[in-house]
Number of protein chains: 2
Amino acid sequence: MSHGMAIGKASEATGVKVPTIRYYEQIGLLPPPPRTEGNRRTYDRKDADRLTFIRHSRELGFEIDQIRTLLSLQDRPGQSCGEADAIAKARLVEVKEKITSLKALEAELERMVEGCSHGRVESCQVIEILADHGKCKHHQHDT
Amino acid sequence: MSHGMAIGKASEATGVKVPTIRYYEQIGLLPPPPRTEGNRRTYDRKDADRLTFIRHSRELGFEIDQIRTLLSLQDRPGQSCGEADAIAKARLVEVKEKITSLKALEAELERMVEGCSHGRVESCQVIEILADHGKCKHHQHDT
DNA sequence: CCTACATCCTCCAGTGGCTATAGGAGCAAG
DNA sequence: CTTGCTCCTATAGCCACTGGAGGATGTAGG
């Protein structure tokens with residue numbers, strides 16, 4: 001009765017690509033599902049839910065290892081959610097920092113682009129700011 | 001007379017790590033410098049400037065191939081800076097988009113963390129929102 | 001001159017999180 | 001029965017580095 005679906009259907013249902021699903025199985029994030037006679041993976045509702053959970057977590061920028069922790073917490077509902085809370089809070093801090101850093105970056109790029117007089121490279125603000133770090137206002141930014 | 005420096009000094013002077021300098025040489029971003037009798041790389045002021053240019057560009061999030069283009073533009077000062085301008089503009093758009101996307105992410109993480117009553121996992125907003133994509137307000141976000 | 005020790009060299013493997021390709025097997029419809 | 005789709009495994013590639021092994025060279029002190 002259990003309406004098992006093939007990997008393609010699971011992919012469609014969850015938005016996780018087929019090779020990615022196999023990859024998640026390989027790294028132990030998704031348990032190896034039962035196979036059909038013809039050796040094909042069959043997934044059920046629970047697997048799909050797990051994949052959705054993973055996808056959403058990845059979209060929020062959690063690392064695989066953090067997702068591993070979050071999943072194991074989900075499996076034991078009676079436990080305190082302090083750890084989940086801590087992971088989410090840490091990610092929130094990261095995101096806030098990245099926003100700050102990207103805003104500095106945005107400001108500098110804007111300065112570069114606005115300063116471009118569309119003339120020759122020799123007087124181009126874009127090139128000049130890149131070349132001369134002293135003309136750069138901010139000090140620490142990453143991707 | 002040319003005050004050539006060893007790779008370690010070049011690294012110190014530019015903030016680019018030693019293995020990264022060698023890597024840039026390997027991929028053709030930095031020209032192979034002359035060597036001493038003992039086979040050690042010696043860099044001059046121009047090389048250091050180039051490394052600084054590269055580092056700064058990387059900090060602003062430009063890809064290696066874009067930096068390749070920017071460097072080749074710098075080498076030919078008489079040319080129009082339209083291409084440099086276009087690269088910077090494209091990056092600016094990317095950065096703006098990323099900021100928007102991270103703000104959506106920030107909002108959702110905040111909702112998760114605020115909703116956490118510090119009780120059991122079974123009633124934890126953090127886990128619940130991750131599990132149920134329907135509870136998610138936004139639709140498209142990346143790292 | 002000899003000994004430590006820092007710095008340098010090359011080569012190769014690993015990181016994260018997938019993504020793509022090759023080469024084949026199974027399955028459903030016409 | 002054939003066409004064409006989906007599936008399987010295994011392996012390699014992506015980006016931009018980073019680290020380690022194992023050995024050569026340079027330098028400062030005794």
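Computed from heavy atoms alone, side chains included, the values below leave out hydrogens, waters and symmetry copies.
At a threshold of 4.0 angstrom between heavy atoms, the contacts of A:Tyr24 are confined to the sugar-phosphate backbone, with no base atom among them. Backbone-only contact: A:Arg41 has heavy atoms under 4.0 Å from sugar-phosphate atoms and none from a base. At the heavy-atom level, A:Ile7 lies under 4.0 Å from the strands shown only through sugar-phosphate atoms.
Rounded to whole Å, atom P of D:dC17 lies 11 Å from atom CD of B:Glu59. B:Arg55 places its CZ atom 17 Å from the P atom of D:dA16, with the value rounded to the nearest Å. Rounded to whole angstrom, the span from the CD atom of A:Gln66 across to the C1' atom of C:dG16 amounts to 13 Å. Regarding A:Lys9, its NZ atom lies at a distance of 13 Å from the C1' atom of D:dC7, rounded to whole Å. Rounded to a whole Å, the CD atom of A:Gln26 is 14 Å from the C1' atom of D:dC8. Taking atom NZ of A:Lys17 as the reference point, atom C1' of C:dA20 lies 11 Å away to the nearest angstrom. Between B:Ile21 atom CD1 and C:dC9 atom C1' there is a gap of 14 Å when expressed in whole angstrom units. Going from atom CZ of A:Arg22 over to atom P of D:dA10 covers 12 Å, rounded to whole Å.
Contact of the A:Arg40 side chain with the A:Ile7 side chain is not registered, since no non-hydrogen atoms from C-beta on lie closer than 4.5 Å.
Take the nearest nucleotide of DNA chain D for B:Gly38 and for B:Ile64: the residue whose nucleotide is more 5' is B:Ile64. Summary of the strand contacts: B:Asp65 and B:Glu37 both lie near DNA chain D, and taking for each the nucleotide with the nearest heavy atom, the more 5' one is attributed to B:Asp65. Residue B:Ala6 is the one, among B:Ala6 and A:Ile54, whose nearest nucleotide of DNA chain C lies closer to the 5' end (criterion: closest heavy atom).
A donor-acceptor contact under 3.5 angstrom links the side chains of B:Arg76 and B:Ser72, judged on distance only.
Using a distance-only test at 3.5 Å, with no hydrogens or angles considered, a donor-acceptor pair links the side chain of A:Asp44 to the main chain of A:Asp47. Side chain of B:Arg91 to main chain of A:Leu109: no donor-acceptor pair is present (N/O by atom type, distance under 3.5 Å, no hydrogens or angles).
For B:Thr20, the side-chain atoms get nearest to D:dT18 when compared with the rest of C:dC18, D:dT18, C:dT10.
Between the side chain of B:Arg40 and the base of D:dT25 there is at least one donor-acceptor pair of N/O atoms closer than 3.5 Å.
In this structure, A:Glu110 pairs ionically with B:Lys96, as a charged nitrogen and a carboxylate oxygen lie closer than 4.0 Å.
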